[in-house]
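Read the structure below first, then the notes.
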Amino acid sequence: MPTKEERREALKQVYRQAQGCVRCPQLAATRRTVVFGSGHADADLMFVGEAPGRHEDEQGVPFVGQAGQLLDRLLAEIGLTRADVFVVNTLKCRPPGNRDPHPAEIENCQEYLLRQLELIRPRVVCTLGNFATKLLRGDPVGITRLHGREEVRTIGPLTVRLYPLFHPAAALYTPANVEVLRRDFGRIPELLALPEPPQPEGAEPAPVAEPVPEPPPAAVVGEAAAAAEQLGLW
Ligand code: URA
């Protein structure tokens with residue numbers, strides 16, 4: 001089993017790899033930043049949203065707009081801050097006009113998410129909304145039926161407690177759903193207090209794929225490194 005430091009180093013490598021990603025030509029052409037994720041790289045709790053919006057694309061950090069403010073408030077209500085958790089998205093690049101992610105984009109991007117999961121090793125993973133929930137459960141059942149019901153799931157080499165929640169942006173459209181989301185959030189401390197679910201036999205993170213495709217220009221690497229420091233990865 002790799003040490004914490006080895007996992008952190010591997011995560012930085014995945015971060016660098018994602019910065020130059022051109023797997024989705026339209027997203028690579030229209031994005032300003034690749035929004036890798038932010039927070040505590042050894043967090044017990046991870047949130048998986050949908051995709052960056054305009055503000056996230058500008059700042060390179062997930063959930064910084066209105067939905068992010070609601071996420072921060074709900075975290076504060078259970079005694080947590082963004083520095084205690086790791087927040088990522090299903091897609092690392094903003095879909096133009098905030099359209100829904102296309103299936104091919106989700107497929108192209110999922111390797112980054114799976115690597116984040118196996119290198120951060122959260123015990124509880126909250127999927128926010130339909131896209132993250134369907135992807136990580138590998139099943140088309142929607143969030144309306146699943147929210148607030150935790151289940152033990154093995155995702156790649158990691159077994160976690162998966163806890164689907166309404167997406168904060170969707171909840172903002174329907175005030176009653178903010179209360180549902182708040183109630184579901186209220187159970188997160190209880191889930192974090194449960195013992196770690198048993199891990200599959202011999203599960204080890206795979207080595208990071210080398211070489212890095214399409215390395216970004218040096219200036220971008222510099223900027224990305226500064227951003228990664230801000231994100232808590234370095
Ligand atoms: N919605 C998301 O799913 N992710 C973000 O980062 C912002 C809004």
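For ligands, and for the atoms within them, numbers begin at 1 and follow the listed sequence. Values in this document were obtained by computation on a predicted structure and should not be read as measured data.
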Ion pair check, Arg121 and Glu118, cut-off under 4.0 Å: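 Salt bridge flag = no for Glu118 with Arg121.
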N/O to N/O under 3.5 Å, ligand 1 against protein:
{"residue": "ligand 1", "atom": "1 (N)", "partner": "His167", "partner atom": "NE2", "Å": "3.4"}
{"residue": "ligand 1", "atom": "3 (O)", "partner": "Glu50", "partner atom": "N", "Å": "2.7"}
{"residue": "ligand 1", "atom": "3 (O)", "partner": "Ala51", "partner atom": "N", "Å": "3.4"}
{"residue": "ligand 1", "atom": "3 (O)", "partner": "Asn89", "partner atom": "OD1", "Å": "3.3"}
{"residue": "ligand 1", "atom": "3 (O)", "partner": "His167", "partner atom": "NE2", "Å": "2.7"}
{"residue": "ligand 1", "atom": "4 (N)", "partner": "Ala51", "partner atom": "O", "Å": "3.1"}
{"residue": "ligand 1", "atom": "4 (N)", "partner": "Asn89", "partner atom": "OD1", "Å": "2.8"}
{"residue": "ligand 1", "atom": "4 (N)", "partner": "Asn89", "partner atom": "ND2", "Å": "3.4"}
{"residue": "ligand 1", "atom": "6 (O)", "partner": "Phe63", "partner atom": "N", "Å": "2.9"}
{"residue": "ligand 1", "atom": "6 (O)", "partner": "Asn89", "partner atom": "ND2", "Å": "2.9"}

Once side-chain hydrogen bond (donor to acceptor under 3.5 Å, both in side chains) is applied, do any residues pair with Glu196, and if so which ones, sequence neighbours excluded?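 Once residues adjacent in sequence are excluded, the partners of Glu196 under the side-chain hydrogen bond (donor to acceptor under 3.5 Å, both in side chains) criterion are Gln199.
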Mind checking whether His147 and Phe166 have parallel, tilted or perpendicular rings, split at 30° and 60°?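 The arrangement is parallel - the two ring planes meet at less than 30°.
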Does CD in Gln26 sit with more than 12 non-hydrogen atoms of other residues, nucleotides or ligands closer than 6.0 Å?
->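 It does: Gln26 CD has more than 12 such atoms within range.
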* Asked: With sequence neighbours excluded, what pairs up with Tyr163 under the ring-ring contact (aromatic ring centres under 6.0 Å, His included) test?
  ->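 Partners of Tyr163 by the ring-ring contact (aromatic ring centres under 6.0 Å, His included) criterion come out as none, since no residue qualifies.
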Using distance only, find each side-chain donor-acceptor pair of residues 86-96 under 3.5 Å and give its atom names and separation, not counting sequence neighbours.
{"residue": "Asn89", "atom": "OD1", "partner": "Glu50", "partner atom": "N", "Å": "3.2"}
{"residue": "Thr90", "atom": "OG1", "partner": "Gly49", "partner atom": "O", "Å": "2.7"}
{"residue": "Lys92", "atom": "NZ", "partner": "Asn89", "partner atom": "O", "Å": "2.7"}
{"residue": "Lys92", "atom": "NZ", "partner": "Gln116", "partner atom": "OE1", "Å": "2.8"}
{"residue": "Arg94", "atom": "NE", "partner": "Asn98", "partner atom": "OD1", "Å": "2.8"}
{"residue": "Arg94", "atom": "NH2", "partner": "Asn98", "partner atom": "OD1", "Å": "3.1"}

